[in-house]
2 protein chains.
Amino acid sequence: MYGDCMRDSGYTIQDMAERCGMTAHTLRYYERVGLIQPVSRARNGHRRYSEADAAWLHFLHCMRATNMPIRAMQRYAELRELGDSTSLDRRKILEDHRAAIASQIKELEQAHTLLTHKIANYKKIEQRIRIGGPVEEEIEEVACDLATAG
Amino acid sequence: MYGDCMRDSGYTIQDMAERCGMTAHTLRYYERVGLIQPVSRARNGHRRYSEADAAWLHFLHCMRATNMPIRAMQRYAELRELGDSTSLDRRKILEDHRAAIASQIKELEQAHTLLTHKIANYKKIEQRIRIGGPVEEEIEEVACDLATAG
DNA sequence: CCTTGACTTCGAGCACGCTCAAAGATGTAC
DNA sequence: GTACATCTTTGAGCGTGCTCGAAGTCAAGG
């Protein structure tokens, strides 16, 4: 396919997609919606991503992976383009998202605990089935009612 | 509105929605797609939810809140209807979801750390702005490149 | 009797975040 | 020069999970 002369320095969209755990489609989409500034091009018109692009895209990926809405990311990207004077607003956005992350972690941890209880309960039920004993849905009293609610 | 004779025992859909942090729309939707068995009715045809329904819906809510797909919840609900013989399959589903939760927590914690770094960095930048010093984007070397990538 | 309000069903619509298809350009290899 | 791969743009389409609107029922209150 492509030899050495069309490199024009930088990552191709495919390279970048692999590096950031996104698809090329997504990278173009992010550019379209303003999450990343127009990427520089090789002479043939193909995108060539820089290291700075890589870092920024990696950051975007982290934010999306933790459920920051595209809207918020757009707002952040916009402020970033405006320079240092927007530091406060940008920090606010990050602080809000950090809080959102904290509350997600809390919910996930609660569910994790619940599941651990329920899984233990299932193991007990399976044990009863194996030894042919009576299978009652609620074998033990667990901290949370939910462990035996299904 | 409703006096005493139409109670017919059980929570109304509104009560239930509030109790479980969902909307009445969502409760009907869950019933439609088989996440909950047809709910018993008052004589006027209105739904009346039992305590058992409440526990099950609360569980469903926990699973959805931690991003279990509706599909998986449907599968689980289906097995639940089939009784104890499906214990193993159900446990597998819960174990899979618990693993998914663990990996979400991991990702969220990483992002949380990253954000803490970035926020600290923004505070430094704001400090420089206040004292009128030179504002360089990267004031400190932080563990993660990303802390200064935007 | 008429209004009010909470419910019912049903199907359509929506927000989000991609994801893809079509048509075309360009560069490499044979 | 022909095949092939990789990219380009544009606009449309899709999967998920609700969310809503329309039209109707039913009981209570005035």
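By convention in this document, chain letters (A, B, ...) are assigned in the order of the sequence lines, proteins followed by strands, and residues within each chain are numbered from 1. These numbers were taken from a predicted model, which means no experiment stands behind them.
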Colleague: For A/Tyr122, is the NZ or CZ atom of B/Lys92 found under 6.0 angstrom from the centre of its six-membered ring and inside 45 degrees of the ring axis?
Modeller: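 No, B/Lys92 and A/Tyr122 do not form such a contact.
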Colleague: Can you figure out which of D/dT19, C/dT8, C/dG17 approaches the side chain of B/His25 most closely?
Modeller: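 From the listed options, D/dT19 comes nearest.
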Colleague: Verify side-chain hydrogen bond (donor to acceptor under 3.5 Å, both in side chains) between B/Arg48 and B/Thr12, making sure each step is shown before the conclusion.
Modeller: CA-CA 5 Å; B/Arg48 291 291 178 272; B/Thr12 67; 5.8 Å; no
Colleague: Report yes if a side-chain nitrogen or oxygen of A/Arg28 is closer than 4.0 Å to either non-bridging phosphate oxygen (OP1 or OP2) of C/dG17; otherwise report no.
Modeller: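 It does not, given that no N or O in the side chain of A/Arg28 lies less than 4.0 Å from OP1 or OP2 of C/dG17.
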Colleague: Any side-chain N or O of A/Gln14 less than 4.0 Å from the OP1 or OP2 oxygen of D/dT6?
Modeller: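 Checking A/Gln14 against D/dT6: no side-chain N or O falls below 4.0 Å of OP1 or OP2.
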Colleague: Taking OP1 and OP2 of D/dT6, is either one under 4.0 Å from a side-chain nitrogen or oxygen of A/Thr12?
Modeller: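 Result: no.
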Colleague: Just how far, in rounded Å, is P of D/dT9 from CD1 of A/Ile13?
Modeller: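 A/Ile13 atom CD1 is separated from D/dT9 atom P by 8 Å.
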Colleague: Would you kindly give the OH-to-P distance between A/Tyr30 and C/dC16, to the nearest whole Å?
Modeller: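 For the pair A/Tyr30 OH and C/dC16 P, the rounded distance is 14 Å.
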Colleague: Establish, with yes or no, whether the OP1 or OP2 oxygen of D/dG17 is under 4.0 angstrom from a side-chain nitrogen or oxygen of B/Arg64.
Modeller: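 Yes.
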Colleague: Between atom CZ in B/Arg71 and atom C1' in D/dC18, what is the gap in whole Å?
Modeller: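 My rounded result for the distance is 15 Å.
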Colleague: Using atom CG of B/Asn67 as one end and atom P of C/dC16 as the other, report the distance to the nearest whole Å.
Modeller: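 So the two atoms are 17 Å apart, to the nearest Å.
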Colleague: Can you tell me which nucleotide in C/dT19, D/dA27, D/dG17 comes closest to the side chain of B/Pro69?
Modeller: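 The listed nucleotide nearest to B/Pro69's side chain is D/dG17.
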Colleague: Counting only N and O atoms by type, is there a donor-acceptor contact under 3.5 Å from the side chain of A/Gln74 to the main-chain atoms of A/Leu35?
Modeller: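 No: the side chain of A/Gln74 does not pair with the backbone of A/Leu35.
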Colleague: So which nucleotide from C/dG17, D/dC18, C/dC18 ends up closest to the side chain of B/Ile70?
Modeller: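 Ranking C/dG17, D/dC18, C/dC18 by closest atom to the B/Ile70 side chain puts D/dC18 first.
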Colleague: Once hydrogens and angles are ignored, does a donor-acceptor distance under 3.5 Å link the base of C/dT19 to the side chain of A/Arg32?
Modeller: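 Answer yes: a donor N or O sits under 3.5 Å from an acceptor.
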Colleague: Would you call A/Arg19 and A/Glu51 a salt bridge, taking side-chain N to carboxylate O under 4.0 Å as the test?
Modeller: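 Result for this pair is yes, salt bridge flagged.
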Colleague: When all nucleic acid strands are considered with a 4.0 Å heavy-atom cut-off, which category describes B/Arg47: base, sugar-phosphate, or nothing?
Modeller: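 If one applies the 4.0 Å heavy-atom cut-off, B/Arg47 turns out to touch the sugar-phosphate alone, with no base involved.
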Colleague: Write down the distance between CZ (A/Arg48) and P (D/dT8), rounded to a whole number of angstrom.
Modeller: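 After rounding, the reported distance stands at 8 Å.
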Colleague: Rounded off to whole Å, could you give me the CE-to-P distance for the B/Met68 and D/dG17 pair?
Modeller: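 Those two atoms, CE and P, are 11 Å apart.
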Colleague: Check the distance between D/dT8's P and A/Arg43's CZ and give it to me in whole angstrom.
Modeller: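 After rounding, the reported distance stands at 16 Å.
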Colleague: Can you check the B/Tyr29 OH to D/dG15 P distance for me, whole Å?
Modeller: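 B/Tyr29 atom OH is separated from D/dG15 atom P by 14 Å.
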Colleague: Of all the choices, D/dT8, D/dT19, C/dC18, which nucleotide is nearest to the side chain of A/His46 once you look at every atom?
Modeller: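 Side chain of A/His46 sits closest to D/dT8.
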Colleague: Using a strict cut-off of less than 4.0 Å between a Lys/Arg side-chain nitrogen and an Asp/Glu carboxylate oxygen, indicate whether B/Glu126 and B/Lys123 qualify as a salt bridge.
Modeller: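 Salt bridge flag = no for B/Lys123 with B/Glu126.
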